[in-house]
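Scroll down for the structure; my scribbles are underneath it.
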Amino acid sequence: MNLTDRSIIYNLIKMIEEVQDYAIILLDKNGNIQNWNLGAEKIKGYKPHEIIGKNFSLFYTPEDISNNKHLNLLATARKNGRASDIGWRVKKNNDLFWGSITITAIHDENHEIIGFGKVTHDLTETRKTELEREQKNKELEQFTYIASHDLQEPLRTISNYIQIIEEDYGEKFDDQGREFLTIIDQASNRMKALVGGLLDHSRIGRDPYPSKISLSKILKDNLTDLQALISSQNATIDYPKELPEIYGYPNELRQLFQNLITNAIKFTKPETTPHIQITCKKIENYWQFAITDNGIGIDSKNYDKIFTIFKRTENTINYDGYGIGLANCKKIVALHGGKIWVESKLGQGSTFYFNL
């Protein structure tokens, strides 16, 4: 079998030459173009008669050519059988597109390399979305700086002056004056907590890549961290001995379980011992978790409200908190491609479900 007598290869290309989402190209062993499908014409702009016989280096930027990127890809494909790359590539009109490339070595019956198959996928729109997200992340970093510095600094100033006034002039104030100072101080501290919560919310999903995570370890670490709270409330928590491993973001998943378990303990009726049950089961492509408590419950009219940042329900007003935790949980679950919801009866407890 040689490169000019390869009916099997040509028949295969004929079957896929109508595909327009992928550029499918046959190269000889030196990287010269031997065949060209409609997808290649659509993506790169050349008609077959304009490109057949020319070297595929035409698709690389001057910088890539000076770095021998195209030659290195062929060398890798010769050695390993396949080479992959992603980056900006050049069209006929010198416009750039973002392409994902795979080059596969083609062998004859003697296992000699006679050419290469090259497949390119145009991911320009995906790359534009990524660049927009990167720009939004930069804007978010700027917001984070403003929130952590420009907003926090005046609050610190207010707190400092309240302390000075109390120390230097406190005795000159009547009861009402001292009460006003206390209210101002409490409002300042509450604003600090809200700004801090907003910062935490904005940081969710900042890690660029997920990793393989043991949810059993995540849960056990959380229970260790929450041991003081669990002991102080005599809470009991039942959970599976083994939980799945998934690809995700460890800090966010740790925060997800911690928020839900903490809420289940905290929002308990007086003189009630918290009992919490955690379950997990596989449903199609998701792991579905349920965290059930015997707490104060939630009115069905508030099911959506509780996942909105800074929103609290009427029956939680007397409990510590600022309405941030469940909003963070919703964002974390969405980051992992799932959803979170609640089923509850007021005064009888709640079950929070989420998919990962």
Side-chain angles (χ1 to χ4, degrees), residues 1-134 208-212 247:
M1 179 179 176
N2 55 53
L3 201 57
T4 58
D5 183 19
R6 50 188 183 279
S7 59
I8 294 177
I9 296 173
Y10 275 131
N11 287 335
L12 179 60
I13 291 181
K14 283 291 184 183
M15 291 171 60
I16 56 179
E17 66 181 0
E18 296 298 323
V19 176
Q20 297 190 31
D21 292 333
Y22 292 85
I24 302 171
I25 307 166
L26 184 66
L27 308 174
D28 68 15
K29 61 183 179 181
N30 296 315
N32 298 315
I33 298 165
Q34 302 294 295
N35 203 294
W36 189 257
N37 80 327
L38 288 177
E41 181 179 328
K42 176 184 175 182
I43 292 172
K44 300 176 186 291
Y46 293 94
K47 299 290 185 181
H49 70 272
E50 296 176 306
I51 198 69
I52 299 297
K54 295 184 179 180
N55 194 272
F56 83 114
S57 60
L58 279 174
F59 311 134
Y60 288 79
T61 64
E63 181 181 1
D64 284 344
I65 291 174
S66 66
N67 293 327
N68 292 319
K69 175 170 275 192
H70 60 302
L71 298 178
N72 292 335
L73 283 169
L74 287 187
T76 300
R78 284 192 186 96
K79 180 180 179 181
N80 301 327
R82 177 175 292 186
S84 299
D85 188 35
I86 190 167
W88 293 110
R89 297 293 179 262
V90 182
K91 295 184 179 183
K92 177 183 176 181
N93 57 7
N94 288 325
D95 285 345
L96 298 179
F97 72 98
W98 187 259
S100 171
I101 297 98
T102 299
I103 298 177
T104 304
I106 300 172
H107 300 82
D108 63 13
E109 62 271 18
N110 297 318
H111 303 290
E112 296 291 332
I113 292 178
I114 58 173
F116 300 91
K118 181 175 180 290
V119 179
T120 301
H121 191 195
D122 185 355
L123 298 174
T124 304
E125 292 304 315
T126 301
R127 181 56 178 163
K128 286 180 180 178
T129 301
E130 290 175 349
L131 292 174
E132 289 173 1
R133 186 168 62 247
E134 289 173 6
Y209 301 108
S211 59
K212 193 172 185 180
Y247 280 90

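Just so you know, these numbers come straight off a predicted model, no measurement behind them.
Here the CG atom belonging to Asn110 is positioned 10.5 Å from the CD1 atom belonging to Ile114, to the nearest 0.5 angstrom. Atom OG of Ser100 is separated from atom NE2 of His121 by 8.0 Å, given to the nearest 0.5 angstrom. Distance CG/Asn35 to CG/Asp28: 12.5 Å, rounded to 0.5 Å. In this structure, the separation between CG on Asp108 and CD1 on Ile113 is 10.0 Å, given to the nearest 0.5 Å. Going from atom NZ of Lys42 over to atom CG of Leu38 covers 10.0 Å, rounded to the nearest 0.5 Å. Here CG of Asp122 is found 11.0 Å from OH of Tyr22. Values are rounded to the nearest 0.5 Å.
Between Ile101 and Ile103, some side-chain heavy-atom pair lies under the 4.5 Å cut-off. Under the 4.5 Å side-chain criterion, counting only non-hydrogen atoms from C-beta, Arg127 is not in contact with Leu123. Proximity of Leu96 to Thr61: side-chain heavy atoms (C-beta onward) are separated by under 4.5 Å at one or more points. Proximity of Tyr60 to Leu73: side-chain heavy atoms (C-beta onward) are separated by under 4.5 Å at one or more points. Using a 4.5 Å heavy-atom threshold, the side chains of Ile106 and Leu26 count as touching. Here the side chains of Trp36 and Ile25 are in contact, with some heavy-atom distance below 4.5 Å. For the pair Arg78/Phe116, a side-chain contact is recorded, criterion being any heavy-atom separation below 4.5 Å from C-beta on. A heavy-atom distance below 4.5 Å is not found between the side chains of Ile65 and Phe59.
Judged purely by atom type and a 3.5 angstrom limit, Thr124 uses its side chain to pair as donor or acceptor with the backbone of Trp98. A donor-acceptor contact shorter than 3.5 Å is absent between the side chain of Asn68 and the backbone of Asn72. One N or O on the side chain of Asn67 and one on the backbone of Glu63 form a donor-acceptor pair closer than 3.5 Å. At distances below 3.5 Å, not a single donor-acceptor pair connects side-chain atoms of Asn37 with backbone N or O atoms of Ala23. Asn30 places no side-chain N or O within 3.5 Å of a backbone atom of Asn32 that could act as its donor or acceptor partner.
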Between Lys128 and Thr126, is the side-chain hydrogen bond (donor to acceptor under 3.5 Å, both in side chains) condition met? List the steps.
CA-CA 5 Å; Lys128 286 180 180 178; Thr126 301; over 6 Å; no

Give the C-alpha distance, both sets of side-chain angles, the deciding distance and a yes or no for side chain to side chain contact (heavy atoms under 4.5 Å, CB included) between Thr102 and Arg82.
CA-CA 7 Å; Thr102 299; Arg82 177 175 292 186; 3.8 Å; yes

Listing, residues 43-52 side-chain donor-acceptor contacts under 3.5 Å, not counting sequence neighbours, or none:
residue: Lys47; atom: NZ; partner: Glu41; partner atom: OE2; Å: 2.8
residue: Glu50; atom: OE1; partner: Lys47; partner atom: N; Å: 2.7
residue: Glu50; atom: OE1; partner: Lys92; partner atom: NZ; Å: 3.2
residue: Glu50; atom: OE2; partner: Lys92; partner atom: NZ; Å: 2.7

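Residues Ala105 and Ala77 share a closest heavy-atom pair of CB-O, 3.6 Å.
One finds a salt bridge joining Arg89 and Asp64 here, because a Lys/Arg side-chain nitrogen approaches an Asp/Glu carboxylate oxygen to under 4.0 Å.
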